[in-house]
Amino acid sequence: MLETILSLDYEAIIAAITTLAAAFAGILAGIKNKEAKKQEQTANAYAELAEQTEREKQEVIDFFDPENAEVQTPPASVPERSWKMSEAVKGFLLAGHDEAEKVEILKQVEEAEAKKLCEYTISYEHGYYKILNGQINRHTVWGK
């Protein structure tokens, strides 16, 4: 048995073990590299989402800021109820007008809302309404 042990090629065994260890180290390095890339992609995605959220937040703030004249249309994240005219306001707007005026007034409201305007004027034969965020802001009537 001692002869068998002494006759082994230890250099070949060491070379094989070294090769296996290097292959194993390479596999571990590849796994670590893949995990690091995955973590980096996740971090980048979160950073991009945070940046987008901050931009959207600033758009909403700018839209509702009365001193900001640049942003006149609501961002997509702003609910329509905050700038479109409610049915109750439309009822008040149409009260006292004849049918032809009602049709014309509603047409002007629909056109303004289709353009996502928050501030606009509705004109009719005997006056006008100033509309701000779906509410009647001012109403002027001249002789009927």
Side-chain angles (χ1 to χ4, degrees), residues 4-5 7-144:
T4 310
I5 294 173
S7 68
L8 292 175
D9 185 5
Y10 291 107
E11 287 182 14
I13 292 172
I14 292 172
I17 291 172
T18 305
T19 302
L20 286 173
F24 185 69
I27 291 170
L28 284 177
I31 291 171
K32 280 186 168 183
N33 188 29
K34 185 176 181 180
E35 185 61 31
K37 281 185 178 180
K38 187 176 180 181
Q39 287 178 349
E40 182 182 353
Q41 289 173 342
T42 302
N44 289 342
Y46 280 123
E48 187 177 319
L49 180 62
E51 186 177 309
Q52 179 182 353
T53 302
E54 189 61 32
R55 272 194 314 269
E56 289 175 356
K57 177 181 161 186
Q58 190 59 48
E59 288 174 356
V60 172
I61 290 169
D62 291 343
F63 172 68
F64 284 108
D65 182 358
E67 295 178 10
N68 186 336
E70 292 178 28
V71 181
Q72 295 297 315
T73 56
S77 60
V78 174
E80 289 183 346
R81 72 177 182 275
S82 65
W83 57 272
K84 272 192 168 184
M85 189 177 291
S86 69
E87 293 303 314
V89 175
K90 284 180 186 176
F92 186 81
L93 182 71
L94 298 175
H97 293 284
D98 62 37
E99 288 305 312
E101 283 179 337
K102 287 180 182 180
V103 169
E104 182 57 32
I105 289 171
L106 284 177
K107 179 181 170 200
Q108 290 178 56
V109 171
E110 288 173 8
E111 288 172 357
E113 288 180 349
K115 294 176 186 175
K116 292 188 173 185
L117 297 178
C118 296
E119 187 172 354
Y120 53 94
T121 302
I122 297 175
S123 301
Y124 63 99
E125 185 178 352
H126 300 290
Y128 68 91
Y129 294 95
K130 286 281 192 182
I131 307 299
L132 179 61
N133 295 325
Q135 299 295 315
I136 301 170
N137 191 345
R138 190 174 335 142
H139 178 214
T140 302
V141 179
W142 42 79
K144 274 193 169 186

Chemist: Could you check whether any side-chain heavy atom of Asn44 comes within less than 4.5 Å of a side-chain heavy atom of Glu48, counting everything from C-beta outward?
Modeler: no
Chemist: Any idea which heavy atoms bring Lys116 and Pro74 closest together, and the distance?
Modeler: O-CD, 3.2 Å
Chemist: Minimum heavy-atom separation for Gln108 to Ile122, with atom names?
Modeler: OE1-CA, 3.2 Å
Chemist: Rounded to the nearest 0.5 Å, what separates atom NE2 in His126 from atom NE2 in His97?
Modeler: 9.5 Å
Chemist: Please round to the nearest 0.5 Å and tell me the distance separating atom OH of Tyr129 and atom CG of Asn137.
Modeler: 13.5 Å
Chemist: Which pair of heavy atoms, one from Thr140 and one from Tyr124, lies closest together, and at what distance?
Modeler: O-OH, 4.2 Å
Chemist: Please determine whether side-chain contact (heavy atoms from CB on, under 4.5 Å) holds for the pair Val109 and Leu93, giving the CA-CA distance in whole Å, both sets of side-chain angles, and the decisive distance to 0.1 Å.
Modeler: CA-CA 10 Å; Val109 171; Leu93 182 71; 3.8 Å; yes
Chemist: How far does CG of Asn133 sit from CD of Glu119, to the nearest 0.5 angstrom?
Modeler: 8.0 Å
Chemist: Extract all donor-acceptor atom pairs below 3.5 Å that involve side chains of residues 15-38 and protein atoms in other chains or at least two apart in sequence.
Modeler:
residue: Thr18; atom: OG1; partner: Ile14; partner atom: O; Å: 2.7
residue: Thr19; atom: OG1; partner: Ala15; partner atom: O; Å: 2.8

Chemist: Mind telling me whether Trp142 and Tyr128 have parallel, tilted or perpendicular rings, with 30° and 60° as the class edges?
Modeler: tilted
Chemist: Salt-bridge test for Lys107 and Glu110: reply yes if a basic N is under 4.0 Å from a carboxylate O, no otherwise.
Modeler: no
Chemist: In Å and rounded to the nearest 0.5 Å, what is the CD1 to NZ distance from Ile136 to Lys130?
Modeler: 14.0 Å
Chemist: Not counting sequence neighbours, list each pair that qualifies as a side-chain hydrogen bond (donor to acceptor under 3.5 Å, both in side chains) and has a residue in residues 50-61.
Modeler: Glu51-Arg55, Gln52-Glu56, Gln58-Asp62
Chemist: Work out which heavy atom in Leu94 is nearest to a heavy atom in Lys102; give both atom names and the distance.
Modeler: O-CE, 3.4 Å
Chemist: Under 3.5 Å, side chain of Glu113 to main-chain N/O of Met85, donor-acceptor pair present?
Modeler: yes
